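These numbers come from a predicted model, not from an experiment. Below, chains carry the letters A, B, ... as their sequence lines are ordered, and counting in each starts from 1.
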Protein chains: 2
Amino acid sequence: MAEQSKDRKGNTEGEQHTTKSRRRGDVLENAILSAAWEELRETGYSRLTMEAVAARAKTNKNAVYRRWPSKAKLVVASLMKHTPKPSLEAPDTGNLREDVLTLLERIIKPIQMIGAETIHGLMGEFHGDEIHSKMTLPPRSEDILAIAMKSILLNAERRGEVKLEELPDRVITLPVDLIRFELLTTHTPLTDEAVVEIVDAIFLPLVQKPNRQG
Amino acid sequence: MAEQSKDRKGNTEGEQHTTKSRRRGDVLENAILSAAWEELRETGYSRLTMEAVAARAKTNKNAVYRRWPSKAKLVVASLMKHTPKPSLEAPDTGNLREDVLTLLERIIKPIQMIGAETIHGLMGEFHGDEIHSKMTLPPRSEDILAIAMKSILLNAERRGEVKLEELPDRVITLPVDLIRFELLTTHTPLTDEAVVEIVDAIFLPLVQKPNRQG
DNA sequence: CCAAATAAGGTACGGTACGTACTGTACCTT
DNA sequence: AAGGTACAGTACGTACCGTACCTTATTTGG
C-alpha cells in the first residue's frame, strides 16, 4: 500500500475515521466498562448485548471478548467499577441501634443501584455455567457484612447493651439478610420505615433480651 | 427432487416414523410439559431451549408455541404440573412450634424441587419483559403463606401461647421469608437444623415474649 | 358416510446474538 | 528502523428464536 501523508495521529486523508489516537489498555477498558454500565442502566441486563456495548464504546466485540469471556463477567467488572463499595468498617456511634441502622443504610444503596433484574440475571447465568464461586454468598461466617455486624455487636457488648455469648450467626446476619431478601423480591423501593422495623421489631429484641424461653 | 415411494403414512422408505397415530390435545400437551420438566432437570433452565423440548416430546416447535408463547411460561406451566402444591391449610397440632415447623417443612420441598437456578432464571425473564404479575411475591399481607401463618398464630393466641396484638406483618412472615432467602441464595441444601434454628432462635422468641424493650 | 374443519407434523425462513477468525493498522518497545 | 502487541474492522458459522407455510391425520357434524 502506498502511504499517503499520514500524520503522527494516524489519519489518512479525510476518512470517516476522524478520531485520531487509538485507545489502548486502561483507556479502552474503562470506555468499555462505562459503556456496559450505561447499557445496563438503559436497557437492563437481559437486553444488554456484547455487540451493543462494543458499539457504544466505539470499538468492536474483539476488544470486549479479549478482556471478558462472557456477558456476566463483563457486567460484574462494570459493576465493580461503577457502584460505590460501602465502607466495611463498622460504624461506632456508641449506640447499637444507630450502628446497625447506619450499616444497613450503607449497603442498601449499592444493591439498589445494581437492581434486582441484574442480580437475578447474574445469578441465573452463574448457575447455568458453573462460575458461582464469586457470586454466591459466602458461608455466612466469612461474609464481610457478617464480620461488620459482629464488630458492631462486640462494641455493644462492651457497653453492656447485649449479651453476645451464644448468639448464632444466623441472628447476627439477620438484618442484612432481610434487607437483601427485600431488595431481591420486591419491586417497590425499600423504605426507611421498613429498615427501622427490621431493626426495632426484629433484630434488637433478639439480641437485647436474654434469649432463652424454656 | 423426485418423489420416492411415499406410502399413505407419509413414510419414505423405512424411516423411524413407524407410529401411525398422531397425538392431540391433552395427550400432546402433557407430553410437552413432561419433556420440559425433564429438560429442566437435565440441563437446567438457562440451557433449556424450546427446540430441545419439542424434540424430546417428539414433536416440533409449532406444537409448543401454539400453547405457550415463551420459555418462561412453558416452564411455569411445567412446574405447576410436576411439582406438588403444598397444602395451604394451617396445621393445628396444638403447639405453635410444631405448627410452624410443619408448615415450613411443607413449603421447602416444592421450592427445592424447582431449584434456585430456575427461580432466578424465571425472575430474570419476567423482569426483562414485564410479566411479573404472577411471579413477584404478593404484597406480604396477601401472601398465601402469610395467611397460613396468621391462622397458626391465631390458634396459638387462643391457647395463650402468644400475644398477637401489634405483631407486624414482617414478623409473621419472618420464618417463611428466611426459608425463601436461604433456598434462593445458598447452594447447599437446607438442613433441618437450620429450620429449627430459625424457629427456635428467631421466630419464637419474637412472638412469645412481650416484645417491648423501652 | 363423506366433506369440512381442526389440529398436528414438518420444513424453511428471517432475525438476533453469540463467539471466533482473519485482515490491516496504530502504537509501543528496543 | 524493526519488531511485537493490541486495537479497528469485517466476516463468518452456529444456535436459538419466533413465524409462515404447507401437508397430513383426526375429529366433527351435515
message = Strictly below 4.0 Å: does A:T59 bring a side-chain N or O up to OP1 or OP2 of D:dC7?
response = no
task = Check the angle between the aromatic planes of A:W37 and A:H82 and answer parallel, tilted or perpendicular using the 30° and 60° thresholds.
result = parallel
task = May I have the distance from A:L28 (atom CG) to C:dA26 (atom P), rounded to whole angstrom?
result = 16 Å
ask   = Taking NZ, NE, NH1 and NH2 as the nitrogens, is one of them in A:E42 or A:R56 under 4.0 Å from a carboxylate oxygen of the other?
value = yes
query = Between D:dC7 atom C1' and A:R67 atom CZ, what is the distance in whole Å?
reply = 8 Å
request  = Measure from CZ on B:R23 to C1' on C:dT6 and round the result to the nearest Å.
outcome  = 18 Å
message = Measure NZ/B:K58 against P/C:dA8 and give the value in whole Å, please.
response = 18 Å
key: For C:dT30, the Watson-Crick or wobble counterpart (both distances under 3.5 Å)   = D:dA1
note = Which of A:M149, A:R97, A:E197 passes side chain to side chain contact (heavy atoms under 4.5 Å, CB included) with A:F203? It is A:M149
ask   = How would nucleotides 14-22 of chain C be written as a contact map, 5' to 3', with B for base contact, S for sugar-phosphate-only contact and - for no contact, using protein heavy atoms under 4.0 Å?
value = ---SBBBBB
task = Considering only NZ, NE, NH1 and NH2 on the basic side and carboxylate oxygens on the acidic side, decide whether A:R170 and A:D177 come within less than 4.0 Å.
result = no
remark   = Among D:dA8, C:dA8, C:dG9, the one nearest any side-chain atom of B:R24 is C:dA8
inquiry  = Output the rounded distance in Å from CG (A:D26) to C1' (C:dC28).
reply    = 15 Å
message = What is the separation between atom CG on B:L74 and atom P on D:dG18, rounded to the nearest whole Å?
response = 11 Å
ask   = Between B:D143 and B:R180, is there a salt bridge with N-O shorter than 4.0 Å?
value = yes
ask   = Do B:Y45 and B:E125 pass the side-chain hydrogen bond (donor to acceptor under 3.5 Å, both in side chains) test, and can you show the C-alpha distance, the side-chain angles, and the key distance before you say yes or no?
value = CA-CA 11 Å; B:Y45 182 84; B:E125 291 211 19; 2.9 Å; yes
